[in-house]
J.: 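A single structure is presented below for examination.
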Amino acid sequence: MKELQFKRHRRLRSSANMRALVRETHLHVEDFIYPIFVAEGENIKNPIASMPGIYQLSLDQLKVEMDEVVELGIKSVLLFGIPLHKDAEGSGAFHNHGIVQEATRFIKKNYPEIIIIADTCLCEYTDHGHCGVIEDGEILNDPSLDLLAKTAVSQAEAGADIIAPSNMMDGFVAAIRKGLDEAGFADIPIMSYAVKYSSAFYGPFRDAAGSAPQFGDRKTYQMDPANRLEAFREAQSDVDEGADFLIVKPTLSYLDIVRDVKNEFNLPVVAYNVSGEYSMVKAAAQNGWIDEKSIVLEMLTSMKRAGSDLIITYFAKDAAKWIAK
């Protein structure tokens with residue numbers, strides 16, 4: 001054995017404190033953005049069956065949720081709206097008193113330090129469930145841009161700190177940037193869903209948001225999961241059009257894309273740990289098959305290690321509690 005020459009890597013793993021000393025990647029509560037589903041109506045706290053622990057909440061139920069968010073040290077929330085009424089153009093998305101706009105005003109009034117990120121899309125508000133204008137069964141790109149810009153401006157007027165367009169129409173960042181600037185909101189940043197794949201991992205979200213398309217699918221505007229180089233083109237377009245953050249969605253099956261985007265662009269990269277990723281872990285944990293805490297912290301750490309600066313995750317409250325301990 002004395003004649004063998006090899007490296008002793010285990011020296012830096014000899015104890016918990018030694019491992020902590022040399023740890024390369026760290027999770028912080030400030031890394032997390034917590035999604036909240038706000039619903040029109042009163043006294044609503046609807047559990048989402050496919051997403052244990054997540055609810056649709058009316059404004060009168062939002063205080064309890066926000067008190068916990070603040071107490072845990074979470075600094076940012078992402079708002080999705082559940083309207084009572086839908087129509088062909090998704091007018092509830094850009095109505096002055098739409099549910100996201102009203103939730104934004106409530107949070108800004110009562111929790112002014114919280115960063116409010118408004119999801120800017122039409123699918124929760126359209127009766128057909130698509131993210132744009134429909135004509136003869138086709139999703140029209142350019143007419144949809146006008147509605148997305150109107151939505152972004154109405155959200156900024158309500159007090160949103162960041163606009164997060166998730167629709168994947170070509171030119172959506174340029175249209176929203178122009179709309180915000182012309183309305184006097186040049187300082188409001190855009191957190192673009194720059195790289196959004198057409199993924200089966202979104203299933204539980206569509207239960208939560210009531211946003212499943214009533215016909216066809218979203219493969220003509222969301223990306224093919226088989227494509228890597230296309231992600232560079234999509235992200236570059238958004239950078240050129242004025243995006244301030246770049247989201248990669250989903251995350252677990254796309255960590256290579258997170259790293260690609262981080263290496264290629266110098267904007268903050270946001271990983272979206274989506275509903276299907278959340279629900280799989282919850283289901284396995286409820287069956288006693290996995291250690292939920294260990295699995296979740298390992299997953300979130302992998303997202304940071306891959307290059308994400310921020311993580312949108314339904315695990316935010318749980319993870320904040322675990323990190324605090």
Side-chain angles (χ1 to χ4, degrees), residues 10 13-20 23-39 44-57 61-62 64-74 76-78 80 82 197-212 225 248-258 270-306 308 310-325:
R10 292 180 58 190
R13 306 173 193 154
S14 59
S15 68
N17 282 346
M18 181 67 77
R19 293 189 292 274
R23 187 159 295 138
E24 301 172 27
T25 305
H26 298 271
L27 288 173
H28 304 284
V29 175
E30 293 83 1
D31 299 334
F32 303 139
I33 298 168
Y34 184 54
I36 299 177
F37 297 96
V38 286
I44 296 171
K45 187 178 180 180
N46 293 334
I48 300 164
S50 57
M51 298 178 68
I54 305 298
Y55 299 85
Q56 296 174 340
L57 300 169
Q61 300 293 312
L62 196 52
V64 174
E65 182 83 319
M66 289 305 304
D67 285 346
E68 185 178 14
V69 165
V70 170
E71 182 180 355
L72 290 171
I74 296 168
S76 310
V77 296
L78 173 60
F80 294 95
I82 315 294
Y197 285 90
S198 180
S199 172
F201 284 102
Y202 303 150
F205 175 91
R206 292 171 183 170
D207 294 339
S211 62
V248 177
K249 180 183 181 183
T251 301
L252 282 182
S253 292
Y254 301 87
L255 291 174
D256 58 323
I257 307 302
V258 173
V270 185
Y272 198 141
N273 178 207
V274 300
S275 59
E277 297 166 347
Y278 173 88
S279 298
M280 290 190 302
V281 172
K282 284 291 184 181
Q286 288 179 348
N287 278 283
W289 296 337
I290 60 171
D291 177 342
E292 182 178 358
K293 173 184 174 182
S294 297
I295 288 285
V296 170
L297 292 180
E298 184 176 336
M299 284 170 41
L300 297 176
T301 299
S302 77
M303 297 170 197
K304 284 293 295 290
R305 190 187 65 242
S308 63
L310 301 168
I311 303 171
I312 302 169
T313 179
Y314 304 96
F315 288 115
K317 293 196 298 183
D318 290 336
K321 295 172 187 176
W322 295 328
I323 290 172
K325 293 179 180 179

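These numbers come from a predicted model, not from an experiment.
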J.: Side-chain polar contacts of residues 26-33 - donor-acceptor pairs under 3.5 angstrom, sequence neighbours left out - could you list them?
T.:
unit_1, atom_1, unit_2, atom_2, d
His26, NE2, Arg23, O, 3.2
Asp31, OD2, His28, N, 2.7
Asp31, OD2, Lys304, NZ, 2.9

J.: Can you name the residues that form a side chain to side chain contact (heavy atoms under 4.5 Å, CB included) with Ala49, not counting sequence neighbours?
T.: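 Result, side chain to side chain contact (heavy atoms under 4.5 Å, CB included) vs Ala49: none returned.
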
J.: With sequence neighbours left out, what residues match Thr313 under side chain to side chain donor-acceptor pair (under 3.5 Å)?
T.: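 Checked Thr313 against side chain to side chain donor-acceptor pair (under 3.5 Å); matches are Asn273.
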
J.: Let me confirm one number: the CD-CD1 distance from Gln61 to Ile44, rounded to the nearest 0.5 Å.
T.: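 It is 9.0 Å, given to the nearest 0.5 Å.
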
J.: Is atom CG of Asn17 surrounded by more than 12 heavy atoms (other residues, nucleotides or ligands) closer than 6.0 Å?
T.: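 It does not: Asn17 CG has 12 such atoms or fewer within range.
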
J.: Closer than 3.5 angstrom, by distance alone: can the side chain of Glu277 be matched with the main-chain N or O of Thr251 as a donor-acceptor pair?
T.: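 Yes: the side chain of Glu277 pairs with the backbone of Thr251.
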
J.: Please report the interatomic distance CD1(Ile295) to CG(Leu300), rounded to the nearest 0.5 Å.
T.: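 With rounding to 0.5 Å, CD1 (Ile295) is 11.0 Å from CG (Leu300).
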
J.: Roughly how far apart are Ile312 CD1 and Leu78 CG, rounded to 0.5 Å?
T.: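 Result: 5.5 Å between the selected atoms.
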
J.: Could you work out, with side chain to side chain donor-acceptor pair (under 3.5 Å) as the rule, every residue matching Tyr314, not counting sequence neighbours?
T.: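 Once residues adjacent in sequence are excluded, the partners of Tyr314 under the side chain to side chain donor-acceptor pair (under 3.5 Å) criterion are Tyr272.
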
J.: What pairs with Phe315 under ring pair (Phe, Tyr, Trp, His ring centres under 6.0 Å), at least two apart in sequence or on another chain?
T.: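 Partners of Phe315 by the ring pair (Phe, Tyr, Trp, His ring centres under 6.0 Å) criterion, ordered by chain and then number, come out as Tyr278.
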
J.: Any idea which heavy atoms bring Gly203 and Ser275 closest together, and the distance?
T.: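 Smallest heavy-atom distance, with atoms named: N-OG, 4.4 Å.
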
J.: Looking at every non-hydrogen atom in both residues, tell me the closest pair between Ser14 and Arg19 and how far apart they are.
T.: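 Where Ser14 meets Arg19 most closely, the heavy atoms are C-NH1, 4.2 Å.
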
J.: Begin from the C-alpha positions of Ile82 and Asn46 and carry the test side chain to side chain contact (heavy atoms under 4.5 Å, CB included) through to its verdict.
T.: CA-CA 11 Å; Ile82 315 294; Asn46 293 334; over 6 Å; no

J.: Looking at every heavy atom in both Met66 and Ile36, which two are closest together, and how far apart are they?
T.: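 So the two residues come closest at SD-CD1, 3.8 Å.
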
J.: What's the verdict on side chain to side chain contact (heavy atoms under 4.5 Å, CB included) for Ser302 and Leu255, showing C-alpha distance, side-chain angles and the deciding distance?
T.: CA-CA 8 Å; Ser302 77; Leu255 291 174; 3.8 Å; yes

J.: Looking only at heavy atoms, what is the nearest atom pair of Pro225 and Tyr197, with distance?
T.: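 Shortest heavy-atom separation between Pro225 and Tyr197 comes out as CA-CD2, 3.4 Å.
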
J.: Going by atom type alone, with no hydrogens or angles, which donor-acceptor pairs under 3.5 Å involve a side-chain atom of residues 316-325 and a protein atom two or more places apart or on another chain?
T.:
unit_1, atom_1, unit_2, atom_2, d
Lys317, NZ, Glu65, OE1, 2.8
Lys317, NZ, Glu68, OE1, 3.0
Asp318, OD2, Lys282, NZ, 3.3
Lys321, NZ, Glu68, OE2, 3.3

J.: What distance do Met303 atom CE and Ile311 atom CD1 have between them, rounded to the nearest 0.5 Å?
T.: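 That separation rounds to 6.0 Å.
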
J.: Between atom NZ of Lys249 and atom OH of Tyr202, what is the distance when rounded to the nearest 0.5 Å?
T.: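 The distance works out to 5.0 Å.
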
J.: Quick one: do Leu72 and Tyr34 satisfy side chain to side chain contact (heavy atoms under 4.5 Å, CB included)? Show the steps, please.
T.: CA-CA 11 Å; Leu72 290 171; Tyr34 184 54; over 6 Å; no

J.: For the atom pair CE (Met299) and OG (Ser294), what is the distance rounded to the nearest 0.5 Å?
T.: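 Between Met299 CE and Ser294 OG, I get 12.5 Å after rounding to 0.5 Å.
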
